[in-house]
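Here's the structure, in structure tokens; my notes come after.
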Amino acid sequence: MKTKYWLVKSEPFKYSWEKFNEDGRTFWDGVRNYQARNNLKEMREGDLVLFYHSNEGKNVVGIAKVVKEFYQDPTTDDTNWVVVDLVPFESLKNPVTLEQIKAEESLKDISLVRQGRLSVMPLKAAEFDKILQMGS
DNA sequence: GCCAACGTTGGC
DNA sequence: GCCAACGTTGGC
């Protein structure tokens, strides 16, 4: 099975990377957008997910790993919405800012830049690697 | 705090 | 099924 790469956004105020590391595991809830939902459903166990802080920080701070594929969002009865389980995998030594990403030619097409409001998006392996490289 | 972008809703 | 109005997100 081929590993896929993703990026998710969270407002640190709501759920930060630090909190995620304290918890050790979380289900990714609160997605109320079909496109983001469809991306969640595409995630497979073992896929790697960049964790981006929106609003405050505006940087990629770490990598999470998918440990459980999508299931009904436990915070709602609406069967439209799903969550996946994530665990922290690795922190980036140097968080990569949105500014750096925008300035990087090879990253100018990623959804984070092109479609600012999307909260769960796929990344190409090359894009994922590039961001890791910038963060190490 | 403002506003642009864009997804969603609802009237026709 | 179109499209205007509205709500939400997120960068600045």
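Lettering of chains follows the sequences in order, A, B, ..., and the numbering in each one begins at 1.
- Ring-centre distance between A/W81 and A/Y34: below the 6.0 Å cut-off.
- The two residues A/N39 and A/M121 have their closest heavy-atom pair at ND2-CA, 3.7 Å.
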message: Quick one, A/F51 with A/L86, criterion side chain to side chain contact (heavy atoms under 4.5 Å, CB included). Give me CA distance, side-chain angles, the key distance, then yes/no.
response: CA-CA 11 Å; A/F51 194 109; A/L86 299 176; 5.8 Å; no
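- A side-chain donor from one of A/W6 and A/D47 sits under 3.5 Å from a side-chain acceptor of the other.
- Of all nucleotides in DNA chain B, those with any atom nearer than 4.0 Å to a heavy atom of chain A start and finish, going 5' to 3', at B/dA5 to B/dT8.
- Nearest heavy atom pair, residue A/R114 against residue A/K108, reads CG-O, 3.7 Å.
- If you check every strand for non-hydrogen atoms under 4.0 Å, A/N55 touches a base.
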